[in-house]
Amino acid sequence: MAPFTFNTTKSVVFRPGAAAGMGELAKPTVGERCLFVTDPGLRKLGLCDPALADLEDAGVAVTVFDRVEADPSLATLMAATEAGRAADATGVIGFGGGSSLDVAKLAALLLGSGEDLDAAWGVANAKGPRLPLVLVPTTAGTGSEVTPVSIITVGEEEKRGVSSPVILPDVAVLDAELTLGLPPAITAATGVDAMVHAIEAYASKSANNNPVSKLLAREALRLLGANIETAVMDGTDIDARGAMLLGSMLAGQAFANSPVAAVHALAYPIGGTFHVPHGLSNALVLPHVLRFNAPVAADLYAEIAYDAFPHLERSNDADRLCTVFIDELAGLSSKLGMETRLRDVGIPETALEKMAADSMLQQRLLVNNPRDVSEADALAIYREAW
């Protein structure tokens, strides 16, 4: 068996209603002065209020930074960091979707170490230390609460990532009640995003692909595949919501250690240039990338087909099962009411060549793909998706 390293969040709390007890959960970690990172939508909905009230009741002085946008910018990260510095924060809480959690991770790093962000971009370059960190996801998709990755938009379009175990949080709080208000479109996109994490982690060419990640990816697909339609169609089903949240976390643990690949690499120009939500960006290219990979990855995709879709007809023909699996994934997006073509989200055909060139900037992801992807290959995939 090949050697590997597996890192994850130190403590995970999975309990409906847990966020309302944030004082008891978080104060021992974040200390007396907390930077609370979230987005304006959640603040307006009042979703943060019980957690904030409980923190204040516990004697924590909270500084709220609620200006995180989708695909957060470098300017937003630096503003959050400055807010934490002005408050002399002793810890950071990230509360929200992947964008808020990503900003919280890097704010904790910059506040704790003062290191040069330009030197931290990339894999294993961030050295730390960071401030104590608690993450509370409000979507079931990114798995950011258990991943050592933060993605920030730099300039107009380029996405850069920091990947380092240093930014893994101390505590992840999974509260399914926080996801009950998610609209169907967001539930669908984030749910498919989590499935992509599991699929790419399972088939990753990374030298660190390992039995633990594979096991987690398969259990994630079992939970996600069995519950995504219910969560989208009946958003009040707390059991389905909890299963999606847990599946998302397991997929996050899998790809945190066996990294994602070309689906994400080709999704980033869609989000960065056209501001399409990340989960939907992944869904738009997912079946087309998997079809491209199938000549070398059919056996791997066949191994996980029944985990995601146990109703599929049994077959010992890996190539056939792989094809059915990919077709089922393509059909799932449509069934969930998601856009399925690049043109459906306003991307003109004339943009495809630049997108293909931009995707080549994501070599940290492309090196993990089961099949090598050239710029010409990326363009062909985009054309299939258009």
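Count residues from 1 along the sequence.
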- Message: Suppose we screen for side chain to side chain donor-acceptor pair (under 3.5 Å). Which residues come up paired with Asn293, at least two apart in sequence or across chains?
- Response: Tyr301, Asn369
- Query: For Glu69, which residues count as a side chain to side chain donor-acceptor pair (under 3.5 Å) partner, sequence neighbours excluded?
  - Reply: Ser73, Thr76
- Item | Residues in side-chain contact (heavy atoms from CB on, under 4.5 Å) contact with Val296, at least two apart in sequence or another chain | Pro370, Arg371
- What distance do Arg314 atom CZ and His311 atom NE2 have between them, rounded to the nearest 0.5 Å? 10.5 Å
- What's the verdict on side-chain contact (heavy atoms from CB on, under 4.5 Å) for Ser144 and Asp102, showing C-alpha distance, side-chain angles and the deciding distance? CA-CA 7 Å; Ser144 186; Asp102 280 0; 3.2 Å; yes
- Item | Selection residues 9-48 - residue pairs positive for ring-ring contact (aromatic ring centres under 6.0 Å, His included), sequence neighbours left out | Phe36-Phe95
- For the residue pair Ser374 and Asp377, confirm or rule out a side-chain donor-acceptor distance under 3.5 Å. yes
- Query: Can you check whether Leu215 reaches Glu219 side chain to side chain, under 4.5 Å on heavy atoms?
  - Reply: no
- Task: Inspect the contact between Asp327 and Arg291 and indicate whether a charged nitrogen and a carboxylate oxygen are less than 4.0 angstrom apart.
- Result: yes
- Query: For the atom pair CE (Met360) and CG (Leu366), what is the distance rounded to the nearest 0.5 Å?
  - Reply: 5.0 Å
- Message: Could you check whether any side-chain heavy atom of Glu353 comes within less than 4.5 Å of a side-chain heavy atom of Tyr382, counting everything from C-beta outward?
- Response: no
- Message: Looking at Val263, is its backbone amide N or carbonyl O close enough to the side chain of Glu200 to form a donor-acceptor pair, meaning the two atoms are under 3.5 Å apart?
- Response: yes
- Task: Answer yes or no: is there a donor N or O on one side and an acceptor on the other, between the side chain of Asn368 and the main chain of Ser204, under 3.5 Å?
- Result: no
- Message: Tell me whether Ser248 contacts the main-chain N or O of Thr139 through its side chain, where contact means a donor paired with an acceptor under 3.5 Å.
- Response: no
- List, by chain and then residue number, the residues other than Leu361 in its hydrophobic cluster (Ile/Leu/Val/Met/Phe/Trp/Tyr, side-chain heavy atoms under 4.5 Å); write none if there are no others. none
- Task: Apply side chain to side chain donor-acceptor pair (under 3.5 Å) to Lys354 and list each qualifying residue two or more places apart in sequence or on a separate chain.
- Result: Glu157, Asp358
- Item | Any Val289 side-chain heavy atom under 4.5 Å of Glu384 side chain | no
- Query: How does the hydrophobic cluster around Leu101 look, that is, which other residues are in it when side-chain heavy atoms under 4.5 Å mark a link?
  - Reply: Leu35, Val37, Phe65, Val68, Leu74, Leu77, Met78, Val92, Val103, Leu106, Leu109, Leu110, Leu111, Leu117, Trp121, Leu131, Leu133, Leu135, Ile152, Val154, Val162, Val166, Ile167
- Query: What pair of heavy atoms forms the shortest contact from Ile228 to Val192, and how long is it?
  - Reply: CD1-N, 3.7 Å
- Hits for side chain to side chain donor-acceptor pair (under 3.5 Å) against Lys159, two or more places apart or cross-chain, chain-then-number order -> Asp71
- Task: Ignoring hydrogens and angles, tell me if any N or O in the side chain of Asp170 forms a donor-acceptor pair with the backbone of Lys10 under 3.5 Å.
- Result: no
- Could I get the full list of ring-ring contact (aromatic ring centres under 6.0 Å, His included) partners for Tyr268, not counting sequence neighbours? His278
- Would you check if the side chain of Glu328 reaches a backbone N or O of Phe309 as a donor-acceptor pair within less than 3.5 Å? no
- With distance as the sole criterion, is a donor-acceptor pair present between the side chains of Thr90 and Glu32 under 3.5 Å? no
- Item | Linked hydrophobic residues, Ile238 as query - side chain contacts closer than 4.5 Å | Leu180
- Item | Side-chain touch Thr147/Lys105, heavy atoms, less than 4.5 angstrom | yes
- Query: Partners of Asp372 by side-chain contact (heavy atoms from CB on, under 4.5 Å), sequence neighbours excluded?
  - Reply: Lys205
- Query: Stepwise, does the side-chain contact (heavy atoms from CB on, under 4.5 Å) test hold for Leu55 with Ile93?
  - Reply: CA-CA 11 Å; Leu55 285 165; Ile93 295 176; 3.7 Å; yes
- Sequence neighbours left out, what passes side-chain contact (heavy atoms from CB on, under 4.5 Å) with Asp239? Give chain and number order. Asp237
- Query: Less than 4.5 Å apart, any side-chain heavy atom of Val171 and any of Leu25?
  - Reply: no
